[in-house]
Amino acid sequence: MIRTFLTVALAACTLAAPAAAQTAYISNERGSSVSVVDLASGEVIDTFAVGQRPRGILLSKDGKYIYVCASLDNAVEIRDAKTGALVAVMPAGNDPEQFFLSGDGRLLFVSNEDDAAATAIDLETRQVAWQVEVGEEPEGIAQSPDGKWLLVASEEDSTVSWIDLATRETVLEMETDARPRHIEFTPDGKRVWIAAEMGQTVHVVDVVSRAIIETIPFAPPGALPYKVLPCGIRFTPDGKLAVIALGRADSIAVVDTQSLAVLHYIRTGGRPWHLAISSDGKRAVVANGTSDDVAVVDLAKAEVVARIPVGEGPWGVVLAE
């Protein structure tokens with residue numbers, strides 16, 4: 001009863017604060033489903049079954065389709081964004097986990113955790129275009145905004161592969177703190193941030209020199225140090241703030257990207273893993289993997305304004321206008 005009252009009361013707050021993004025799609029890893037959340041009302045308006053152990057989730061450039069990594073099926077599903085209907089299943093290498101849509105929308109770059117490879121899928125032919133060998137247990141993957149680099153994080157090797165997309169060759173294996181899980185370029189493309197889960201840090205890297213220029217530690221109040229496990233990173237569209245999910249610390253960190261100071265720690269729910277930020281930069285939507293809900297965070301107020309129950313083991317979030 002208490003949780004229900006709290007959810008309804010907090011969700012009501014979203015009605016008074018309209019934001020650019022109105023729909024959130026949540027991949028539920030343990031539930032093998034996707035929840036569709038109307039952010040204006042704070043309600044789940046649809047849930048549809050997908051392949052086994054869905055993790056990465058993205059929206060096509062035109063907003064018509066959702067791409068879902070069905071990790072245990074070794075596939076990426078294409079689904080209709082309005083109905084959830086299955087449109088196609090694309091081969092994606094072994095155990096796809098995270099993926100990244102190329103800047104031109106033509107390729108889907110996929111990290112294959114069990115293959116030590118990165119796979120590029122041609123979205124027109126819906127076939128594998130090419131693969132590149134990377135470090136063991138790859139997860140985080142991202143293309144630089146200028147289209148030159150593809151970066152892939154190797155959890156087991158604690159390295160990040162810098163792949164030159166013109167030649168499809170790895171030109172650098174950059175060492176990081178233990179178990180890098182996520183890679184995110186700043187909107188201007190000058191920096192790339194790398195979350196090292198077991199290192200309990202985030203590296204800030206200069207793209208031109210490919211050198212780590214700063215390493216950010218985290219210490220959310222009340223959290224045991226070993227539970228601080230940085231993973232998902234997102235930037236506000238203006239590039240001024242970074243929001244970082246801290247895993248079993250049950251919190252997110254809001255960081256000033258100029259000073260690299262942690263401005264706020266916000267408790268969001270059980271094991272926040274990935275998140276998305278609305279296009280106006282006002283709200284973050286955070287997937288809480290062990291409390292089976294998403295938290296809607298007002299970034300200006302640095303507070304949770306809604307907790308919305310979704311499926312089992314929410315993992316990824318993508319927002320649609």
Side-chain angles (χ1 to χ4, degrees), residues 21 23-29 31-37 46-113 115 117-131 138-143 145 147 150-153 165 181-185 231-232 234 273-277 279 285 287 294 310-311 313-321:
T23 306
Y25 298 90
I26 317 297
S27 60
N28 300 308
E29 182 179 13
S32 293
S33 66
V34 168
S35 297
V36 185
V37 178
D46 195 10
T47 299
F48 50 88
V50 296
Q52 298 181 80
R53 203 180 182 192
R55 291 185 279 185
I57 184 166
L58 291 173
L59 201 64
S60 64
K61 289 287 186 182
D62 59 11
K64 292 181 179 180
Y65 303 112
I66 304 165
Y67 304 122
V68 182
C69 266
S71 297
L72 294 185
D73 294 337
N74 300 328
V76 169
E77 295 183 350
I78 303 176
R79 291 186 172 269
D80 185 283
K82 291 184 178 180
T83 66
L86 183 64
V87 175
V89 178
M90 300 185 295
N94 201 24
D95 194 14
E97 185 161 352
Q98 284 202 50
F99 51 12
F100 193 92
L101 186 62
S102 66
D104 59 13
R106 296 179 179 179
L107 293 174
L108 200 60
F109 300 115
V110 184
S111 62
N112 300 117
E113 191 167 20
D115 276 350
T119 299
I121 301 173
D122 185 312
L123 290 174
E124 182 176 354
T125 65
R126 297 175 178 171
Q127 298 295 320
V128 172
W130 47 265
Q131 284 188 313
E139 181 171 347
I141 188 166
Q143 182 188 29
L150 180 68
L151 270 60
V152 185
L165 283 171
R181 296 296 296 266
H182 187 78
I183 297 169
E184 194 77 13
F185 282 88
C231 189
R234 289 289 186 263
W273 209 234
H274 285 283
L275 66 139
I277 295 178
S279 60
V285 180
V294 294
V310 288
W315 192 96
V317 185
V318 67
L319 302 181
E321 300 299 322

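Residue numbers count from 1 along this sequence.
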Exercise for the section: State, to 0.1 Å, how close Pro91 and Gln127 come at their nearest heavy-atom pair, and which atoms those are. Expected result: CG-OE1, 4.1 Å

Handout entry: Among Asp46, Val310, Ile57, the one residue meeting side-chain contact (heavy atoms from CB on, under 4.5 Å) with Val34
Key = Ile57

Exercise for the section: Would you check if Ser32 and Pro54 make a side-chain contact, meaning some heavy-atom pair closer than 4.5 Å? Expected result: yes

Fill in the blank from the handout: Heavy-atom nearest pair, Ala118 first then Val152, reads CB-CG2, 4.0 Å

Practice task
Using modelled atom types only, decide if a donor and an acceptor are shared between the side chain of Asn94 and the backbone of Asn74 within a distance under 3.5 Å.
Solution key: no

Practice task
Evaluate whether atom NZ of Lys61 has more than 12 neighbouring non-hydrogen atoms of other residues, nucleotides or ligands under 6.0 angstrom away.
Solution key: yes

Exercise for the section: Evaluate the side-chain proximity of Leu150 to Ile141: yes if any heavy-atom separation is below 4.5 Å, no if none is. Expected result: yes

Practice task
For Ala81 and Gly63, work out which heavy atoms get closest and say how close.
Solution key: CB-O, 3.5 Å

Handout entry: Carboxylate-amine/guanidinium contact Arg55 Glu139, below 4.0 Å
Key = no

Problem - Over all atoms of both residues, closest heavy-atom pair of Cys69 and Phe99 - result: SG-CD2, 3.4 Å

Practice task
State, yes or no, whether a side-chain contact exists between His274 and Cys231 at a heavy-atom distance under 4.5 Å.
Solution key: yes

Exercise for the section: Measure the spacing between CZ of Phe100 and CG of Leu151 and express it to the nearest 0.5 Å. Expected result: 10.5 Å

Practice task
Check whether any side-chain heavy atom of Val317 lies under 4.5 Å from a side-chain heavy atom of Ile26, and answer yes or no.
Solution key: yes

Handout entry: 4.5 Å side-chain heavy-atom contact, Val110 and Tyr67
Key = no

Practice task
Measure the shortest side-chain to side-chain distance between Leu58 and Leu108 over non-hydrogen atoms and say whether it is less than 4.5 angstrom.
Solution key: yes

Handout entry: Whether Asp73 side chain and Gln52 backbone form a donor-acceptor pair below 3.5 Å
Key = yes

Handout entry: Nearest-0.5 Å distance, CG of residue Asp80 to CD1 of residue Ile78
Key = 11.5 Å

Exercise for the section: Evaluate the side-chain proximity of Met90 to Leu123: yes if any heavy-atom separation is below 4.5 Å, no if none is. Expected result: yes

Problem - Flag side-chain contact, heavy atom, 4.5 Å: Leu107 against Ile121 - result: no

Exercise for the section: Over all heavy atoms of both residues, which pair between Asp122 and Thr125 is shortest? Give the atoms and the distance, please. Expected result: OD1-N, 3.1 Å

Exercise for the section: Would you kindly say whether His182 and Arg234 are connected by a side-chain donor-acceptor distance under 3.5 Å? Expected result: yes

Problem - Candidate pair Tyr25 and Thr23, rule side-chain contact (heavy atoms from CB on, under 4.5 Å), full reasoning - result: CA-CA 7 Å; Tyr25 298 90; Thr23 306; 3.9 Å; yes

Problem - Side-chain (Ser71) to main-chain (Pro96) donor-acceptor, under 3.5 angstrom - result: yes

Problem - Closest heavy-atom pair and its distance - Ala70, Gly51 - result: CB-CA, 3.9 Å

Practice task
Say whether, by atom type as modelled, one donor and one acceptor occur between the side chain of Gln143 and the main chain of Gly103 under 3.5 angstrom.
Solution key: yes

Practice task
Ignoring hydrogens and angles, tell me if any N or O in the side chain of Ser33 forms a donor-acceptor pair with the backbone of Thr47 under 3.5 Å.
Solution key: no

Problem - Donor-acceptor pair, side chain of Asn28 and main chain of Gly313, under 3.5 angstrom - result: no

Problem - Whether Thr119 side chain and Gln131 backbone form a donor-acceptor pair below 3.5 Å - result: no

Practice task
Check whether any side-chain N or O of Ser111 sits under 3.5 Å from a backbone N or O of Gln98 as a donor-acceptor pair, and report yes or no.
Solution key: yes

